[in-house]
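Reading through the structure tokens given below for one structure.
Positions are given from 1 along the sequence.
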Amino acid sequence: MRYVVVEVLLLILVVLLELTNASAPCVSYEWVVSYSERSILGSNKQVIVINGMFPGPILTATADDVVNVNIFNHLNEPFLMTWNGLRMRKNSWQDGVQGTNCPILPGKNWTYSFQIKDQIGSYFYFPSLLLQKAAGGYGAIRVYSPELVPVPFPRPDDEYDILIGDWFRSNHRDLRASLDNGLSLATPDGILFNGLGPEEAFFAFQPGKTYRLRISNVGLKSTLNFRIQDHDMLLVETEGTYVQKRTYSSLDIHVGQSYSVLVTAKTDQVGSCRSYYIFASTRFSNSYRTGIAYIRYPNSPLLPVGPIPQGPESWDFASSVRQTLSIREDLNVGASRPNPQGSYHYGRVNVSRTLIFQNDVMQSANKLRYAINGVSFVFPDTPLKLIDHFRLKNSFVPDTFQTYPSNRPSSLGTSVVDVLYRDFVHIVFENPLNELQSWHIDGHNFFVVGLGYGGWSESKRSGYNLVDAVSRSTVQVFPYSWVAILVAMDNQGMWNMRSQKAEQWYLGQELYFRVKGEGEEDPSNIPARDESPIPENVIRCGRLLQ
Ligand SMILES: *[C@@H]1O[C@H](CO)[C@@H](O)[C@H](O)[C@H]1NC(C)=O
Ligand SMILES: *[C@@H]1O[C@H](CO)[C@@H](O)[C@H](O)[C@H]1NC(C)=O
């Protein structure tokens, strides 16, 4: 009897959920992607604009919205947009990377369609192919909380999206050609704020008001230190996770990371009659580059006075490590749900697998390549997701890739790691190089539970933060260091794990996770039944055209 009642209740719940889904509001965008000449850092460059804008329009949605973005490719190259940090619930068809989608060809259009499930926060989108990010094409994403879900801070009076990133004067095709010819990316020519060079961007403040700044590092390689003259920043959000509120005078933002800070404008007569510098300057680099923007009050002079805000010493890793460790999840608040943690404590879940990924640099046919565990990724002739779906003969063999550092000679390969739906995976990123690394996993957030200098060993587990580690989608690994993350593989599909640094990614530092549904342990039993069906408008390419 009781079971019947439970079943009826479950059925009602399911019907209710379906109803809420059916009535999910829809936001639709039409974006024309094209080239435009812009003078940036004193030189003309062909830039990728969206509807004539660089950066592109802000994609604004509320959690649970269905988003349609119809993208018209007016470039002379194939194009894909990817949504950095949006989890695309069970819908890797929409992820916009080369392993899941065929590109939108020049002159064609394609409509991305996805629901933003259980997710709020600050993210950005960018072109994922052919180093096009070096020409722009990026923009900010804001996902708001549903009306009924409390936000753990007073509603800010206004919000600004601030996209910072390094910039090269060279055309993206020339940069690509130099990578293809075995040369590294040079030193960037400067740092942009929302597509503008030094001293061109400004943000208007009104006395006494509070602003939410949503800041993302959209650049190719440089860690940036972000700071505002005479204004502290209260950190509130990290890639969709509300964090314990702490005040920072400067914030290190690594390539691909996003943060929200609250900044309160001056109220006093003197303070609110001045302008202020905003700086974003490179860290851990021999050649210092800096981007400058301004805050202006209604009656302030155009230019700031006084000493420029000092950042940390460029090579001071210790301060950056301390800052990283200070960013913790706020356990008292939900994100997109009223009670996200509830009875879920990541620290008490048993780890089902440990994977160790070591980044490395290698030579292949005298060309520079970057690798994970000795394998530098090469694409098969058809996207992996489509190979699976149409049961094409595998040109990749899962599990030949070693999920621990390998002493085998480096090679080219198509690395796919099979994991089971709901596997709780412990991943260690080891960085044996004297260069900072930045890792991202599509479709998932992960808990950053530990980091340290040198190599990782089992004994390091005792020092993990199993209580309030931050959950995010991009994490940096300092030189000669390791980082440990825990990730609940709760999103079926084919998901990209990549270096967020454009050069490393372009030259092979990535792999794919294939998250298999329950009862689908047999890798040939595809597609997973709980995934979104293949889109009706799916683009075909490679072997599917034969
Ligand atoms: C291309 O755009 C047209 C016009 O907006 C639209 O009807 C069509 O569905 C789009 N095609 C794809 C594949 O999304
Ligand atoms: C974790 O594993 C231990 C030992 O195998 C077991 O006793 C415990 O019930 C497991 N915990 C969970 C939450 O599954």
**Request:** Assess whether side chain to side chain contact (heavy atoms under 4.5 Å, CB included) is satisfied between Ser281 and Ile191, documenting all intermediate values.
**Result:** CA-CA 7 Å; Ser281 52; Ile191 308 300; over 6 Å; no
**Request:** Measure centre to centre between the rings of Trp93 and Phe114, then say whether the value is under 6.0 Å.
**Result:**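 Ring centroids of Trp93 and Phe114 are no less than 6.0 Å from each other.
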**Message:** I need the full list of side-chain hydrogen bond (donor to acceptor under 3.5 Å, both in side chains) pairs touching residues 124-135, with sequence neighbours left out, sorted by first then second residue.
**Reply:**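 Applying side-chain hydrogen bond (donor to acceptor under 3.5 Å, both in side chains) to every pair that reaches into residues 124-135, excluding sequence neighbours, yields Glu77-Gln132.
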**Contact list for residues 39-50, test side-chain hydrogen bond (donor to acceptor under 3.5 Å, both in side chains), sequence neighbours left out** =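 Qualifying pairs, neighbours excluded: Gln46-Arg173.
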Side chains of [X] and [Y], heavy atoms from C-beta outward: is any pair under 4.5 Å?
X	Y	value
Gln500	Trp439	no
Tyr248	Asp232	no
Ser250	Pro312	yes
Ser258	Phe124	yes
Phe226	Ile162	yes

**Asked** Could Arg498 and Phe357 be counted as a cation-pi pair, given that NZ or CZ must be under 6.0 Å from the ring centre and within 45° of the axis?
**Response**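 Pair Arg498/Phe357 does not count as cation-pi.
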**Request:** Run the salt-bridge test on Arg274 and Asp230 with the 4.0 Å N-O cut-off and return the result as yes or no.
**Result:**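 Yes, charged N to carboxylate O under 4.0 Å.
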**Request:** Mind listing the closest non-hydrogen atom pair of Pro188 and Ser222 along with its distance?
**Result:** CG-OG, 3.6 Å
**Message:** Checking Thr241 against Glu329 for the side chain to side chain donor-acceptor pair (under 3.5 Å) test, could you report, in this order, the C-alpha distance in whole Å, the side-chain angles of both residues, the deciding distance, and whether it holds?
**Reply:** CA-CA 7 Å; Thr241 300; Glu329 177 158 359; 5.2 Å; no
**Message:** Once salt bridge (Lys or Arg N to Asp or Glu O under 4.0 Å) is applied, what residue pairs with a partner in residues 180-204 remain, sequence neighbours excluded?
**Reply:**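 Every pair satisfying salt bridge (Lys or Arg N to Asp or Glu O under 4.0 Å) with a residue in residues 180-204: Arg169-Asp189.
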